[in-house]
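Note sheet for the following structure.
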4 protein chains.
Amino acid sequence: MTSSSPDDVPATAARRRTKAPQTRAVALMDAAEQLFIAKGIPATSIDDIAAGAQVAKGTFYLYFPSKEALLGALQQRFVDTFCARLQEAMDRHAPGKYRARLKAWVEAGLETYLDNVALHDVVFHEYRPEDRRMRNDNVVITQLVTLLKQGDAAGVWEVEDATLTAVILFNALHGVADDAVAMGPHANPVADRRRRARALARFFEQALRPDDSDDA
Amino acid sequence: MTSSSPDDVPATAARRRTKAPQTRAVALMDAAEQLFIAKGIPATSIDDIAAGAQVAKGTFYLYFPSKEALLGALQQRFVDTFCARLQEAMDRHAPGKYRARLKAWVEAGLETYLDNVALHDVVFHEYRPEDRRMRNDNVVITQLVTLLKQGDAAGVWEVEDATLTAVILFNALHGVADDAVAMGPHANPVADRRRRARALARFFEQALRPDDSDDA
Amino acid sequence: MTSSSPDDVPATAARRRTKAPQTRAVALMDAAEQLFIAKGIPATSIDDIAAGAQVAKGTFYLYFPSKEALLGALQQRFVDTFCARLQEAMDRHAPGKYRARLKAWVEAGLETYLDNVALHDVVFHEYRPEDRRMRNDNVVITQLVTLLKQGDAAGVWEVEDATLTAVILFNALHGVADDAVAMGPHANPVADRRRRARALARFFEQALRPDDSDDA
Amino acid sequence: MTSSSPDDVPATAARRRTKAPQTRAVALMDAAEQLFIAKGIPATSIDDIAAGAQVAKGTFYLYFPSKEALLGALQQRFVDTFCARLQEAMDRHAPGKYRARLKAWVEAGLETYLDNVALHDVVFHEYRPEDRRMRNDNVVITQLVTLLKQGDAAGVWEVEDATLTAVILFNALHGVADDAVAMGPHANPVADRRRRARALARFFEQALRPDDSDDA
DNA sequence: AATGAATGAGGATTCATTCAT
DNA sequence: CATGAATGAATCCTCATTCAT
């Protein structure tokens, strides 16, 4: 500990061949992601991925036991990144500002999703994943559930079934984003995104508004 | 003449030989559907499908030019069937009863979707579809848009952007159903479905309720 | 006789289905020839041939036991036609005019060959025929052998080994024609053909000229 | 070191594993050649070839992108070998000895061709080659053209159109050889070959002899 | 750790041929 | 005679994975 070896960082990074294993894994994942998006998963061979990562084919298997495992890692990474960005967006608002946090969540969600649809689709919709797609029971939902419950506890809104509500809201978001993509490259993407964000936000509000019946 | 053998017709139609082409195509599609659900598309070979349809491998290509074409046919069939069932459900209510029709739509949608998730998923989420998934711009959405607009015109509810609303509602439905599936086989599926149907219906109502803001 | 039915000839040729079997066979051969030239033998399916002859696939097998048999028939027809044309050309000269007849043979040979190389090649060079190519022992050679022997007997020229000489001459012709084809579509095909014909004729003459050695 | 076991190298090269790539390619080509001759190209599967070369099927594609590419390589190899042998034969005579060189060319040509007809035929006459057969414009012709021109320049003979003459001579050779093959296994192949060689040589001389007309 | 040659199961597709109608 | 639906053997080629170096 006291005496850091002379080849401190470089030594770790590499002499010639051997690189930080993490680096290699990341390179592999990056290459795969890119290729999967470009050509689809079945059309992308391990060869391609290895080549893309500037690595020999055999090396691939040093870091991932199979193609499927790589896909799993990619899915994990996608979800993690996604969540992190939403969390960040929310955290730009004070903990108690539930409405603001929810709005931030929606907007960041739409934004992030739209920025990564291609990847999302390829990673979650192809290739018979054990657990299909970025599931409703995933971390993003959990995140939202938490927020909904907090708001409910604070009396900002009333949510009967937080999970189901989160599912609904999340899928509404998902769908609006998909629809944007389906429209193809839009003339005014910025305006379009804003329009969608607004519709969603309004929608969320509606959904969380207490029943008329109760009040009336 | 006196004793026509019991296998009279079979004898004519014959052990193995020409059948109504439609029959064959349907048999192929049915077999494919079943296998796709069971093993996934990539894992299902044409051989399997042909065998499942009790047909020689080459016969497959008499009815479908490729595996992909078959998938297309399956998608088409899925959407058509889905729509038909929703329409039917709606039509059980008088044309002017918009709320009732919407509720019927929701319930039938959830029901039908849940009855066919496996198929839906396999048919729409695998295999690099040109147009990914049962799109938001599909016939189901169109159906809903129509209903929303009619109700709006009749003053039953107010919808600003019918399409976007339809997208949101449809995806909410989609998501709630997916979530049900993700939960796995439930102890009391009937009750669970009812619960979800109720949540969705309530949600739809909320969403279509006029803004508070307007009143305020 | 008095009242020739309106479908006089047609009646004979066919009522609806059944046609003179020879007609059918010829149609099949014609279609095959065309397709073989255009796409090659392996790339031409029986289906294609049948379609080309406006006949059902099964009908093909009514006239030819196999694809290979058809090829044989095509080869036969090619040789026959070829020979007939050469004979015709020779017969335009009096029986005793051996030099003239030989010249006619050469010219007609070049001409005819060039007009049919594509067919020749496809029919004789593809598909592992039992007896490969328009053989040296074929009728054309025989024809030439006869002529050479007659001329020899008449003292017009001296030929030691008529067959070998015929083989040589025939192949010279073959080669010159092939070379013309290999050159691709020529600027002035007529002039080119003439040039080749002349070279060949001169060559034939040389070859049949008595040895110097004999004179010396 | 003193006593290197006899299987020294094999031990290193190993039971079955990486070999000199050239070795593999050659083994594949050899196997293919043999099989093509024996069964014809279409009837020879990649499987067969791989098996013949003691290699796994997939390995084939490591060395040749397709069956067709392999055929190309085989053609190349044939021509190269052929030419080399003719060149060798010619070079056994002094550069200035044109007649001797020509005679050597003819004899070696016949000899070599006869030793390889089967291969020649299979490699050049089957399978819709882009450029059909061992063409007249190939290297062998070029070789002959060169010789003819040199002799012409040296006044040994007179050749008007060297290329056309070469084509004729080459094809004469070709034909005589083919004829020999067509005759089937001969009783006295040696004598027969000699006879043919003589006929060809005499023929070549005739062809290159100056015109009588000039003298007369 | 890294390499990349070798493997061989597996898949989609074609097509000559048969035969019930 | 004619038809064309049905057959299924056969082929080329891909690619995930292994393993000797």
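Letters go in sequence order (proteins before strands), and every chain restarts at 1.
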Going from OG on S66(D) to CD1 on I46(D), what distance comes out if it is rounded to the nearest 0.5 angstrom? 7.5 Å
In whole angstrom, give the distance that lies between atom CD1 of I49(D) and atom C1' of dA10(F). 15 Å
V122(D) versus G40(D), closest heavy-atom pair with distance: CG2-CA, 4.4 Å
Scan every strand shown for a Watson-Crick or G-U wobble partner of dG8(E), both distances under 3.5 Å, and answer none if you come up empty. dC15(F)
Figure out the CG/P separation between D48(C) and dT14(E), and round it to whole Å. 12 Å
Presence of donor-acceptor pair under 3.5 Å, side chain of K57(B) and base of dG11(E): no
Please report the distance, rounded to the nearest Å, between CG in L71(B) and P in dA12(E). 13 Å
Of G58(A) and F60(D), the one whose nearest nucleotide on DNA chain F sits closer to the 5' end is F60(D)
Taking OP1 and OP2 of dA6(F), is either one under 4.0 Å from a side-chain nitrogen or oxygen of Y63(B)? yes
For E68(C) and dC15(E), give me the distance from atom CD to atom P, rounded to whole Å. 17 Å
What pair of heavy atoms forms the shortest contact from I49(A) to A31(A), and how long is it? O-CB, 3.8 Å
Go ahead and name the base partner of dT21(E); Watson-Crick or wobble counts if both distances stay under 3.5 Å, otherwise write none. dA2(F)
Just call it for T59(D): base, sugar-phosphate, or nothing, with non-hydrogen atoms closer than 4.0 Å on any strand. base
Ignoring the backbone of Y61(D), work out which of dC12(F), dT3(F), dA5(F) is nearest its side chain. dC12(F)
Pick the closest DNA chain E nucleotide for D47(C) and for P65(B) by heavy atoms, then say which residue is nearer the 5' end. P65(B)
Side-chain contact check for K67(C): nearest option of dC1(F), dT17(E), dT3(E) is dT17(E)
The residue, Q54(A) or V55(D), whose nearest nucleotide of DNA chain E is more 5′ is Q54(A)
Counting side-chain heavy atoms from CB outward, which of dT17(E), dT13(E), dT7(E) is closest to S66(B)? dT13(E)
With a 4.5 Å heavy-atom cut-off, do L70(B) and F60(B) have their side chains touching? yes
Separation of dA5(F) P from L28(B) CG (nearest whole Å): 14 Å
Mind checking if I46(D) touches a base, just sugar-phosphate, or nothing, with heavy atoms under 4.0 Å? sugar-phosphate
Calculate the interatomic distance between L62(A) atom CG and dT18(F) atom P; express it in whole Å. 12 Å
From Q34(B) atom CD to M29(B) atom CE, the distance as rounded to the nearest 0.5 Å: 14.0 Å
Nearest nucleotide by nearest heavy atom, which residue falls closer to the 5' end of DNA chain F, A56(B) or A56(C)? A56(C)
Hey, is the side chain of R24(C) poking within less than 4.0 Å of OP1 or OP2 on dC1(F), counting only N and O atoms? no
